[in-house]
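First comes the structure, then the notes that go with it.
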Amino acid sequence: EEQEEDVLRELRLFLRNVTERLSLDRRFKAFTKPVDTEEVPDYMMAIKKPMDFSTLLTNIDEHKYATAGEFMSDADLIWQNALEYSPNSDAMDRHIRHRACALKDTVRAIIRDELDEEFERACEEIKESR
Ligand SMILES: Cc1noc(C)c1-c1cc(NS(=O)(=O)c2ccccc2)cc(C(=O)O)c1
């Protein structure tokens, strides 16, 4: 009903705000759009579920996330994929791994500081009731 739609609208506003703030951080520029398979031809063979900030925003707009937890699972894919694809000791891989680790810590810090536990529980109850 209406109150439930109000909660889900507030969730989408919060998730868009988090995603947009991450997209503005210069450290995370490589995560703003899908990895370019022209530039990185073997990427799709190595990574089964690519993810990036622009795809997160599209998913939010398509009401794909019923809870912040579901959003976190996709947001975590971004840094997990980067660690998986860039495991080597060369400078480029180390660079992307540092950014991936910074992204992991930044997402967790934002959610811990800004997501109200009661609000997330309300989203989970709406999801269970549907
Ligand atoms: C993310 C990610 N996961 O694996 C890799 C590798 C990256 C990643 C992706 C991008 N953006 S891109 O796929 O459009 C591109 C790749 C190569 C040349 C020019 C553009 C940039 C960088 C970067 O470090 O600059 C790294």
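Every number for a ligand or one of its atoms is a count from 1 in the order of the listing. Residue numbers count from 1 along this sequence. What you see is a predicted model, and the numbers here were worked out from it, not measured in a lab. The figures that follow rest on heavy atoms only: side chains count, while hydrogens, waters and symmetry mates do not.
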- Query: If every non-hydrogen atom of Leu56 is compared with every non-hydrogen atom of Met51, which pair is closest and at what distance?
  - Reply: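 That closest heavy-atom pairing would be CD2-SD, 4.0 Å.
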Between [X] and [Y] (salt bridge meaning N to carboxylate O under 4.0 Å), is one present in this structure?
{"X": "Glu114", "Y": "Arg21", "value": "yes"}
{"X": "Arg112", "Y": "Asp105", "value": "no"}
{"X": "Lys127", "Y": "Glu124", "value": "no"}
{"X": "Asp61", "Y": "Arg16", "value": "yes"}

- Of the options Ile111, Thr67, Leu77, Val18, which is the one that meets Met72 in a side chain to side chain contact (heavy atoms under 4.5 Å, CB included)? Ile111
Short N or O contacts of ligand 1 with protein, under 3.5 Å, listed by atom name?
from     : atom 1 : to    : atom 2 : distance (Å)
ligand 1 : 13 (O) : Asp36 : N      : 2.8
ligand 1 : 14 (O) : Lys33 : NZ     : 2.4
ligand 1 : 24 (O) : Arg99 : NH1    : 3.2

